[in-house]
Amino acid sequence: MTHSTRLAFSGPLIGRRGLITGAGALAGAGLLTRPAHAVLKLDVTSGTPQPLPIAITEFVGGGSPQDAEAGKGVTQIISADLRRSGLFAPIDPAAFVEKISNPDASPRFQDWRVINAQALVTGRMTRQPDGRVKAEFRLWDVFAGQQLIGQQYFTQPDNWRRVAHIIADAIYERLTGEKGYFDTRIVFVDESGSKEKRVKRLAIMDQDGANVTYLTRGDDLVLTPRFSPTSQEITYMSYGRGEPRVYLLNIENGQREVVGNFPNMSFSPRFAPDGQRVILSLQQGGNSNIFVMDLRSKATTRLTDTAAIDTAPCYSPDGAQICFESDRGGGSQIYVMNPDGSNQHRISFGDGRYSTPVWSPRGDAIAFTKQAQGRFAIGLMRPDGSGERILTEGYHNEGPTFAPNGRVLMFFRDPGGGGGPQLYTVDITGYNEQRVPTPSYASDPAWSPLRS
């Protein structure tokens with residue numbers, strides 16, 4: 001996998017609307033998408049789903065060698081995305097009986113039933129007279145013998161990776177009923193150098209580890225980056241000259257500004273769901289409290305006022321509640337309050353210390369880091385503190401962040417010794433744990449919303 005090492009902002013990052021023009025449904029003679037008596041759908045609501053066998057044929061090139069190469073790449077990325085989700089089992093192409101040469105024609109469904117493919121993906125990449133590429137795909141229900149979905153997209157040739165992720169999202173959504181999460185990015189802290197002289201830089205990459213770009217140079221220590229839910233901005237903490245400060249960084253143009261001119265250390269920033277406010281902790285002597293700042297008016301509102309350390313605040317997706325970490329009871333635990341600071345109450349009561357709470361995009365759970373008996377675990381609990389479940393544990397796991405559909409968590413794990421932290425994902429069922437490739441050691445991941 002090729003990783004970019006450029007520190008550059010080469011104009012606006014193209015959103016989905018700019019990437020895709022003229023997107024539309026595909027239909028062939030007698031192949032219109034229509035309800036069937038038994039439409040194929042993967043049940044992801046109970047237990048651990050059995051991965052769905054799916055055949056993903058190589059996208060046919062429209063005539064030029066470049067089209068064929070792009071078609072091969074798109075096929076590989078779709079297959080990798082779906083396999084990594086743990087919900088799909090792409091079938092080895094060596095088992096395919098039929099060779100697809102015309103994606104518009106109805107497949108020989110019996111040939112695909114023989115190899116137990118329950119779903120089939122066919123597609124084509126074609127260079128257009130204006131230089132753009134048209135990407136087409138069809139998703140077939142093999143046993144019902146019908147097309148489930150067909151779409152076409154027009155884009156610039158160098159955006160074929162994003163098209164592949166978008167197609168994978170469409171397949172994922174059609175077969176699971178949940179939004180996909182493949183057309184997303186991760187901002188994280190890249191860590192390089194020896195343990196004694198570790199250089200920490202902000203970096204951003206696609207969710208599969210590709211297209212790494214560095215956002216800071218490593219001159220200052222950086223921590224806890226978080227995406228805005230509504231714009232191309234990141235908020236993070238940086239140890240520069242003087243006290244640590246919370247910053248806003250525009251990832252389209254590289255412009256950076258301090259969030260508030262506070263006299264003491266500010267840390268643990270996170271955006272409100274509307275993207276117009278940042279909630280953060282401010283140090284005051286030996287303790288810290290939680291404040292929220294309106295980014296337009298710069299007005300600041302204090303939400304907690306205790307002689308303790310209140311930190312790591314996170315809004316629920318509807319903005320109606322805030323979870324946070326506090327040691328007001330003697331050890332670090334998770335608390336919940338209303339957005340005006342009222343009704344502060346503790347929700348974690350298990351053995352050990354709880355930290356880094358983050359609300360699921362679905363609103364039904366809070367993820368956390370738990371430290372007990374010398375081990376660090378990543379877990380989930382309901383917003384009232386009930387139903388605690390540990391998903392994974394080890395020597396040092398920390399910093400969970402949700403995919404935008406709430407199905408997958410990413411976190412970082414430091415094995416200790418002479419190594420360093422690395423990124424991992426795990427399904428909310430606790431299964432399908434996988435390492436995410438990064439150029440160096442990596443920590444503090446934050447998952448973006450679906451790109452628009």
Side-chain angles (χ1 to χ4, degrees), residues 1-10 13 80 84 161 184-227 232-256 258 265-270 312 355-356 358 369 376 378 392 394-401 409-426 433-448:
M1 185 175 295
T2 300
H3 295 284
S4 167
T5 58
R6 295 178 298 108
L7 177 63
F9 298 90
S10 53
L13 297 170
R84 201 167 48 253
R161 285 190 57 87
T184 56
R185 291 179 293 178
I186 306 295
V187 62
F188 64 101
V189 176
D190 175 272
E191 302 191 15
S192 58
S194 66
K195 208 160 193 175
E196 296 74 27
K197 297 182 179 179
R198 192 64 54 86
V199 175
K200 295 191 175 186
R201 296 180 289 178
L202 274 191
I204 191 169
M205 66 182 181
D206 296 346
Q207 54 78 29
D208 59 359
N211 294 330
V212 174
T213 300
Y214 298 106
L215 303 176
T216 62
R217 298 183 183 276
D219 301 329
D220 302 327
L221 179 67
V222 291
L223 294 169
T224 61
R226 301 289 182 257
F227 271 100
Q232 300 292 335
E233 282 188 312
I234 291 168
T235 184
Y236 66 99
M237 185 180 78
S238 177
Y239 282 85
R241 298 178 182 87
E243 295 286 352
R245 291 283 184 263
V246 169
Y247 289 89
L248 286 180
L249 174 69
N250 186 308
I251 56 178
E252 290 186 346
N253 58 30
Q255 291 183 349
R256 187 180 81 158
V258 177
M265 182 170 71
S266 56
F267 53 98
S268 295
R270 197 181 289 270
S355 60
T356 67
V358 58
T369 302
F376 287 78
I378 303 296
T392 183
Y395 173 72
H396 189 167
N397 298 325
E398 196 172 352
T401 179
L409 280 164
M410 187 177 290
F411 62 97
F412 70 94
R413 170 179 293 148
D414 192 333
Q422 296 178 323
L423 305 185
Y424 288 81
T425 56
V426 65
E433 184 176 303
Q434 299 188 44
R435 192 174 76 83
V436 181
T438 53
S440 306
Y441 297 131
S443 61
D444 277 352
W447 218 310
S448 80

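Nothing fancy with the numbering, it's 1 onward along the sequence. Since the model is a prediction, treat every value here as computed from it, not as a measurement.
Across all non-hydrogen atoms, the minimal contact from Leu202 to Pro225 is CD2-CB, 3.6 Å. When all heavy atoms of Tyr214 and Ala203 are compared, the closest pair comes out as CD2-CB, 3.7 Å. The minimum heavy-atom distance linking Val222 with Lys200 is given by the pair CG2-O, 3.6 Å.
Without hydrogens or angle criteria, Thr235 side chain to Arg226 main chain gives no donor-acceptor distance under 3.5 Å. Side chain of Arg198 to backbone of Gly193: a donor-acceptor contact under 3.5 angstrom is found. In this structure, the side chain of Thr369 does not engage the main chain of Glu398 through any donor-acceptor pair within 3.5 Å. Judged purely by atom type and a 3.5 angstrom limit, Thr213 has no side-chain atom pairing as donor or acceptor with the backbone of Ile204. A distance-only check finds no donor-acceptor pair linking the side chain of Glu191 to the backbone of Pro421 [under 3.5 Å]. Panel note: side chain Asp444, backbone Thr224; a donor-acceptor pair is recorded below 3.5 Å.
Side-chain contact annotation: Thr216 with Arg256, donor-acceptor N/O pair under 3.5 Å absent.
The pair Arg161-Asp208 meets the salt-bridge criterion, with a side-chain N (NZ, NE, NH1 or NH2) lying under 4.0 Å from an Asp/Glu carboxylate O.
The side-chain heavy atoms of Arg185 and Asp206, taken from C-beta on, include a pair separated by under 4.5 Å. Looking at Pro400 and Thr356, their side chains come closer than 4.5 Å, going by heavy atoms from C-beta outward.
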>> Run Ile378 and Glu433 through side chain to side chain contact (heavy atoms under 4.5 Å, CB included) and show every step you take.
In response: CA-CA 12 Å; Ile378 303 296; Glu433 184 176 303; over 6 Å; no
>> Using side chain to side chain contact (heavy atoms under 4.5 Å, CB included), reason through Phe267 and Leu223 one step at a time and then give a plain yes or no.
In response: CA-CA 9 Å; Phe267 53 98; Leu223 294 169; over 6 Å; no
>> As a quick check of understanding, evaluate side chain to side chain contact (heavy atoms under 4.5 Å, CB included) for Gln207 and Thr425, giving each step before the final call.
In response: CA-CA 10 Å; Gln207 54 78 29; Thr425 56; over 6 Å; no
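Rounded to the nearest 0.5 angstrom, Ser443 OG and Arg413 CZ are separated by 14.5 Å. Here CD1 of Ile234 is found 4.5 Å from CD1 of Ile251. Values are rounded to the nearest 0.5 Å. Interatomic distance, CZ of Phe376 versus OG1 of Thr392, reported as 13.5 Å (0.5 Å rounding). Note: Tyr424 OH to Phe412 CZ = 12.5 Å, rounded to the nearest 0.5 Å. Note that the CZ atom of Arg245 and the OH atom of Tyr239 stand 11.5 Å from one another [nearest 0.5 Å]. In this structure, Arg201 CZ and Phe188 CZ are separated by 9.0 Å, a value rounded to the nearest 0.5 Å.
Of the residues Thr438, Leu409, Thr401, the one that meets the side-chain contact (heavy atoms from CB on, under 4.5 Å) test with Pro445 is Thr401.
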